[in-house]
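For reference, the structure is listed below as structure tokens.
Chain letters run A, B, ... following the sequence lines, proteins first and then strands; every chain starts at 1. Just so we're clear, the structure is a prediction, and the values are computed from it rather than from any experiment.
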There are 2 protein chains.
Amino acid sequence: MQNIDELIEEAQKQGYKITPQRREIFKILVNNDSHPKAEDIYNILKDRMPDVSLATVYNTLNMLKELGMIDAIALFEDDSVRYDPTTKAHDHLYCLHCNRIVDVEKDQDDLGFTEKEISGFQIVKRQVTYYGYCPECRDILKTT
Amino acid sequence: MQNIDELIEEAQKQGYKITPQRREIFKILVNNDSHPKAEDIYNILKDRMPDVSLATVYNTLNMLKELGMIDAIALFEDDSVRYDPTTKAHDHLYCLHCNRIVDVEKDQDDLGFTEKEISGFQIVKRQVTYYGYCPECRDILKTT
DNA sequence: AATCTAATTTATAATAATTATAAATAAAGA
DNA sequence: TCTTTATTTATAATTATTATAAATTAGATT
């Protein structure tokens with residue numbers, strides 16, 4: 001999810017209408033590497049469009065998911081879904097203390113990964129998450 | 001989570017009391033590779049102990065998680081947590097059609113993985129999930 | 001074996017994330 | 001500008017899980 005104009009063109013081609021709300025959500029997501037949850041996006045959006053509804057955020061996120069423009073990230077220590085506008089294959093680091101998610105490049109071997117077969121499964125996606133403590137939180141936890 | 005007697009001993013050592021409900025949940029989980037959700041366990045349990053409460057299942061699962069006897073698996077296409085009594089490092093295959101989870105051995109390189117540092121993160125756990133379609137569902141989807 | 005105390009169970013309420021609903025609105029094509 | 005259909009909004013519903021508080025019980029102590 002790099003270019004808003006291309007994104008809009010693709011969305012329209014698929015029959016989606018482009019509303020000001022959606023346009024604004026696109027802007028929030030483009031080049032966003034904070035892996036926000038729906039509510040994070042809603043909070044930013046509310047400052048710009050005070051009457052916007054949280055349902056619209058979910059609606060738009062689901063639309064972008066269908067278009068393959070964003071990925072959903074599930075975490076076992078966090079009960080809301082986090083969204084990632086970088087759909088190129090990569091792994092994630094999750095800090096169990098501050099809940100931050102950081103991208104990590106995949107091993108070269110896996111970069112070309114698109115579809116593969118394992119144990120008879122037809123694989124469409126691989127998700128790799130490292131759980132641990134980020135540099136800042138390591139320090140904090142060391143002191144306490 | 002192989003041996004119930006060892007598990008009980010360890011739980012008691014940590015100050016947990018062993019109730020018939022817990023004993024029965026342990027039995028359900030030992031050598032169980034179906035990656036059940038809390039409600040799956042509750043349904044099996046109810047047949048053996050009709051008055052048991054779902055809260056007890058959650059309570060016991062949380063206890064086992066604290067003891068490191070089971071792992072929780074988060075999936076972005078499934079909204080309940082799945083539990084895995086095999087805590088030895090391994091990956092998962094998840095079928096997007098029937099929601100089955102199948103274990104896959106890890107690459108030899110990763111077998112020794114316990115703790116590692118990436119981008120300054122202190123890693124305590126790695127979770128790898130392949131999303132796709134199991135052999136049975138591939139066939140079903142082919143026909144439709 | 002009887003007693004005691006803290007942990008556990010139970011039923012139920014609360015919470016939190018997300019989805020569904022339905023009326024009002026607005027995008028975009030004719 | 002008109003029309004159709006998707007979208008937005010507010011709100012209710014749903015679902016998984018956690019919290020609460022009274023009743024029960026495991027397991028240590030006597």
Side-chain angles (χ1 to χ4, degrees), chain A residues 4-5 7-26 28 35-43 45-46 48-67 70-83 99 101, chain B residues 4-5 7-26 28 35-43 45-46 48-67 70-83 99 101:
Chain A
I4 288 193
D5 293 333
L7 164 55
I8 288 175
E9 195 177 351
E10 178 62 21
Q12 281 178 325
K13 195 185 293 172
Q14 301 295 322
Y16 291 103
K17 292 181 177 172
I18 305 304
T19 63
Q21 291 89 335
R22 286 185 174 171
R23 222 177 268 274
E24 212 57 44
I25 293 170
F26 297 168
I28 291 171
H35 308 85
K37 52 181 85 172
E39 193 145 11
D40 296 333
I41 296 167
Y42 177 60
N43 287 331
L45 192 60
K46 254 194 316 193
R48 310 183 190 172
M49 311 184 109
D51 294 335
V52 80
S53 156
L54 178 57
T56 298
V57 175
Y58 276 106
N59 173 331
T60 303
L61 288 170
N62 286 333
M63 173 200 127
L64 290 170
K65 234 184 351 178
E66 295 227 329
L67 288 170
I70 58 174
D71 273 332
I73 309 169
L75 302 153
F76 78 97
E77 288 292 348
D78 201 331
D79 32 0
S80 34
V81 172
R82 308 279 293 258
Y83 293 94
N99 310 316
I101 297 177
Chain B
I4 289 193
D5 293 332
L7 163 56
I8 288 174
E9 195 179 352
E10 179 60 22
Q12 280 178 325
K13 195 185 294 174
Q14 301 295 324
Y16 292 103
K17 290 182 178 173
I18 305 305
T19 63
Q21 291 89 334
R22 289 187 171 169
R23 223 177 267 273
E24 211 57 43
I25 292 170
F26 297 167
I28 291 171
H35 307 85
K37 53 180 85 172
E39 193 144 11
D40 296 332
I41 295 166
Y42 177 59
N43 287 331
L45 192 60
K46 254 194 317 192
R48 309 183 190 173
M49 310 184 109
D51 294 336
V52 80
S53 158
L54 178 57
T56 299
V57 175
Y58 277 104
N59 172 331
T60 304
L61 288 170
N62 286 333
M63 171 199 128
L64 290 169
K65 233 183 353 178
E66 296 226 328
L67 287 171
I70 58 175
D71 273 332
I73 309 169
L75 302 153
F76 79 98
E77 288 292 348
D78 201 330
D79 31 358
S80 34
V81 173
R82 307 278 294 259
Y83 293 92
N99 312 316
I101 297 177

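- Summarising the geometry, the separation between CG on B/Leu61 and P on C/dT8 is reported as 14 Å, rounded to the nearest angstrom.
- Rounded to an integer number of Å, the gap from A/Leu75 CG to C/dA17 C1' is 14 Å.
- In this entry the distance linking CD of A/Glu77 with P of D/dT17 reads 13 Å, nearest Å.
- A/Asp79 places its CG atom 19 Å from the P atom of C/dA14, with the value rounded to the nearest Å.
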Show the distances under 3.5 angstrom between N or O atoms of the protein and N or O atoms of nucleotides 4-6 of chain D.
residue: D/dT5; atom: O2; partner: A/Lys17; partner atom: NZ; Å: 2.8
residue: D/dA6; atom: O4'; partner: A/Lys17; partner atom: NZ; Å: 3.4

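- When the side-chain nitrogen and oxygen atoms of A/Tyr58 are compared with OP1 and OP2 of C/dT18, one or more of them lie within a distance under 4.0 Å.
- By the 4.5 Å heavy-atom criterion applied to side chains, B/Ile101 and B/Leu75 are counted as neighbours.
- Taking only side-chain nitrogens and oxygens, A/Thr19 never comes nearer than 4.0 Å to OP1 or OP2 of C/dA27.
- Here the shortest heavy-atom pairing between A/Lys65 and A/Ile70 reads N-CG1, 3.7 Å.
- Among the atoms of the strands shown, base atoms are found under 4.0 Å from some heavy atom of B/Thr56.
- Looking only at side-chain heavy atoms (C-beta outward), A/Thr60 and A/Phe26 come within less than 4.5 Å of each other.
- Contact annotation: the side chain of A/Pro20 approaches that of A/Met49 to within less than 4.5 Å [non-hydrogen atoms, C-beta and beyond].
- Per the geometry, CD belonging to A/Glu39 stands 13 Å off C1' belonging to C/dT15, to the nearest Å.
- Relative to the side chain of A/Val81, the nucleotides C/dT8, D/dA10, C/dT18 differ in distance, and C/dT18 lies closest.
- Taking atom CD of A/Glu66 as the reference point, atom C1' of C/dT19 lies 14 Å away to the nearest angstrom.
- D/dG27 atom P lies 16 Å from atom NZ of B/Lys13, rounded to whole Å.
- Residues A/Asn59 and A/Arg22 form a side-chain contact, since some pair of their non-hydrogen atoms from C-beta on lies under 4.5 Å apart.
- Set against D/dT17, D/dA10, D/dT7, the side chain of A/Asn59 has D/dT7 as its closest nucleotide.
- Between the P atom of D/dT17 and the CG atom of B/Asp40 lies a distance of 11 Å, rounded to the nearest Å.
- The phosphate of C/dA26 (OP1 or OP2) has no side-chain N or O of A/Gln21 nearer than 4.0 angstrom.
- With a 6.0 Å radius and a threshold of 12 heavy atoms from other residues, nucleotides or ligands, A/Glu9 has its CD atom at or below the threshold.
- For A/Gln12 and C/dG29, the shortest distance from a side-chain N or O to OP1 or OP2 is not below 4.0 Å.
- In terms of position along DNA chain D, the nucleotide closest to A/Thr60 lies nearer the 5' end than the nucleotide closest to the other residue of the pair A/Thr60 and B/Lys65.
- Contact of the B/Glu24 side chain with the B/Val52 side chain is not registered, since no non-hydrogen atoms from C-beta on lie closer than 4.5 Å.
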